[in-house]
Participant: 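Here you go, one structure.
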Amino acid sequence: MTTASLDPTGAVEASTAPPGADPETKRRARREGWKRRLPLMPAFVFVIIMTQLPFLATIFISFSNWTAFSGNKGFAGLDNFKTVFQDSDARSAVVTTIELTLLVVLISLVLGIVIALLLDRTFRGRGIVRTMMIAPFLIVPEAAALVWKHALFNVQSGLINGSITQFYNWFGLKNPPQPDWITSHPLGTIVTALVWQWTPFMMLIMLAGLQGRPMDIIEAAQVDGANTWQIFTKMTLPHMRRYIELAGLLGAIYIVQNFEYVYTITSGGQNTANLPYYIQQTFFAGTGEYGVASAAGVVVVIGTIVIATFALRTVLTVLKEES
Amino acid sequence: METNKTKWGLAGASVPIMLWTLIPIVWIVATSLKSTTALADQQQNVFGNFWPKSISWDNYSLIFTGGAKDLFVPALWHSIVVCLVATLISVVLATFCAYAIARLDFPGKKAILITALTVSFFPVIAMVTPLFNLWRILHLFDTLPGLIIPYITLTLPLSIWILSAFFQQIPWEMEQAAQVDGASSWQAFVKVVAPLAAPGVFTTAIIAFFTAWNDFVFSSNLTAARAQTVPAALNSFTGASQFTQPTGAICAAAVVVTIPVVILVLLFQRRIVAGLTSGAVKG
């Protein structure tokens, strides 16, 4: 894709009146401006209502003493937040969320960079290979989680244990190990499956970044005798820094929210419950602790806003550099 | 400039990565094509139990006409209807919105875009819990509109952001040029602007559809039985009998729900990649 600046904020000032126009034109331009701004309203109002109102409701419920079992018993002050920070399950969910997000983002980022570097060169069948490498990202996440659980990690019929058996047979070895992956490495299995699905996403952003490299300078460095490794560490990586930050932050925002992998693969067992899973369980299971679940929801939103602020800053810097 | 050694090193490095990415996918397809007996019996498969000797459509008939029919077929319809309606509404709204953003310079424009971006990062789980209570009061729980509305929320901010980036590249001077040449503003829009904007709108629609199609959090928590979509229904799959694993059926269903996405992406790959990274980085 060859594109001009993609900064959506740099508007074409086609509809505004030129400076020095007579007052009548200016007024008409302003009226025209309002008329044109009107189409924004339905979309904007809908987004505000649908995202801000539930959030306000969550804040409201987080301060109330409300369970599915006993109904709303009024104002609870900060009790629900205290519960969230004192409850060992909630604390463990916070730790798991951080572990899960860091592991998945870091591993898939490294793999994404490696694959992007491999694909960022001309060879026959490059288009096909690139399409195939995107494939994991296209599978419905819940289907992918189920497939990993039932068709890959399964003790008897799973692909991983099957491959181990096959390798042992090839080399004439007896008694191949057949571990129960989900029980022995619960968090590891979730991380593995998530990395598999998210690596293509990282790869896509990395490829976009690689294409923006100043090739003339790199060629000059090659002429001056720099080797591949030097070019990679001294030139490619610094250029890619922004893209790496961006991919990492966008990935983190989505993986912090991930619910289906934890829900499907381990059902939160063995300390693998992350915050979204904890919230869902607190809300829907047992006595339905609406207040506590909402307080945990507020915590997640605040956490996401913190990450998102960094992401936003990166996005805006990238945009500025591009334009 | 590359030595042969580097070349072979790169080839060597790419093999395990390709295997890691692709083998699970081939395995899903292979498993979906195994008959119930082949799933349990090594002798009926080749490559060490990997690919079935004879392809069987058992798993596909199980989900379309067999025991899992009542679970899968309605869910597939719900998925299609809910995602199409939500995509249509949010793309139409986003088109208006992005058009205004691209054509006008007004205070607060940047704020609107930043809000759209922030909102698309909003954790869905924090929306589900209040909606659950609200939807039960409004009788929207376990209904199709009860899913369409949150899916618009999910896809609208994203669509606004991507479309604004696309519209930015349109040479708007052409619209005025057409008007100067005597076209009415409606003609200018239909004949000049719409054809230029269509690819962007279409790509946005695909990405929005993809986002809604993949959702599990809303569909598993805001529906029970009457409005379940595929991701939620998949979770309640069981095997042909109580004692068999649902693996074959799950793989078949995974293939079925992934096919539309793969077709769309294969057809429009370049544009989608540009769309996914647009507004974020240069595509």
Side-chain angles (χ1 to χ4, degrees), chain A residues 1 3-4 6 8-9 11-16 33 36-37 39-40 42-43 47 50-51 54 57-58 115 118 132-133 135-136 138-143 146-147 150-152 159 162 166 204-205 208 212 222 228 243 246 253 257 259-260 276 279 283 293-294 297 300-301 304 308 315 318 322, chain B residues 1 6 10 14 17 21-22 24-25 27-28 31 48-49 93-94 96-97 100 103-106 110 113 118-119 121-127 129-131 153 156-157 164-165 168-169 172 214 216-217 231 234 245 247 250-251 254 257-258 261-262 265 273-274 276-283:
Chain A
M1 283 296 288
T3 56
L6 282 184
T9 55
V12 181
E13 288 181 52
S15 60
T16 43
R36 286 246 170 101
R37 207 180 305 184
L40 277 170
V47 172
M50 283 304 300
T51 54
T58 310
I115 300 177
L118 290 173
M132 289 194 303
M133 297 310 277
L138 304 181
I139 294 181
V140 176
E142 174 59 13
L146 280 166
V147 164
H150 291 287
L152 284 117
L159 176 66
Q166 192 62 37
L204 285 176
I205 297 184
Q222 278 173 333
T228 317
Y243 293 89
L246 175 75
I253 286 164
Q257 299 191 32
F259 170 74
E260 47 262 69
I279 294 170
F283 192 87
S294 302
V300 175
V301 171
T304 312
V315 171
V318 172
E322 295 295 340
Chain B
M1 278 295 158
T6 346
L10 287 169
S14 45
I17 293 176
T21 309
L22 289 177
I25 291 179
W27 175 247
I28 298 171
T31 309
N49 211 11
L93 289 177
F96 286 138
C97 206
R103 295 304 312 276
L104 286 169
D105 211 18
F106 56 86
K110 205 160 190 162
L113 272 173
T118 320
V119 163
F121 295 154
F122 205 85
V124 280
I125 195 80
M127 259 188 284
T129 43
L131 278 185
T153 316
L156 188 53
S164 307
Q168 210 49 56
Q169 304 166 43
W172 295 106
N214 279 349
F216 175 73
V217 175
L234 282 180
Q245 292 274 348
T247 316
I250 287 172
C251 289
V257 293
T258 308
V261 182
V262 172
V265 169
V273 173
L276 275 176
T277 51
S278 76
V281 290
K282 194 167 149 185

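Labels below follow one simple rule: chain letters A, B, ... track the order of the sequence lines, proteins then strands, and each chain is numbered from 1.
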Participant: Which heavy-atom pair separates B:Val124 from A:Gln257 by the least distance, and what is that distance?
Facilitator: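 Heavy-atom minimum between the residues: N-OE1, 3.2 Å.
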Participant: Pick from A:Ala143, A:Ala151, A:Pro136: which one has the most heavy-atom pairs with chain B under 4.5 Å?
Facilitator: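 Sorted descending by pairs with chain B, the first entry is A:Ala151.
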Participant: Name the region of B:Ile28, side chain, backbone, both or neither, that has any atom closer than 4.5 Å to a heavy atom of chain A.
Facilitator: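 Just its side chain gets close to chain A.
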Participant: Find the distance between CD1 (B:Ile125) and CD1 (A:Ile279) and round it off to the nearest 0.5 Å.
Facilitator: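 Between B:Ile125 CD1 and A:Ile279 CD1, I get 6.0 Å after rounding to 0.5 Å.
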Participant: Looking at every heavy atom in both B:Pro231 and A:Val140, which two are closest together, and how far apart are they?
Facilitator: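 Residues B:Pro231 and A:Val140, closest heavy atoms: CG-CG1, 3.9 Å.
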Participant: Is the shortest heavy-atom distance from the side chain of A:Met132 to the side chain of B:Ile25 under 4.5 Å?
Facilitator: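 Heavy-atom side-chain distance check fails, nothing below 4.5 Å.
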Participant: Measuring heavy-atom distances to chain B, does A:Leu138 have an atom under 4.5 Å in its side chain, in its backbone, in both, or in neither?
Facilitator: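 Both the backbone and the side chain of A:Leu138 come within 4.5 Å of chain B.
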Participant: Side chains of A:Val147 and B:Thr31: closer than 4.5 Å at any heavy-atom pair?
Facilitator: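 No, every pair of side-chain atoms sits at 4.5 Å or beyond.
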Participant: With chain A as the partner, which of B:Val261, B:Leu22, B:Asn214 has the greatest number of non-hydrogen pairs under 4.5 Å?
Facilitator: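 Highest number of pairs under 4.5 Å: B:Asn214.
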Participant: Could you state the interatomic distance from CD (A:Glu142) to CG (B:Leu234), rounded to the nearest 0.5 Å?
Facilitator: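 Between atom CD of A:Glu142 and atom CG of B:Leu234 there are 6.5 Å.
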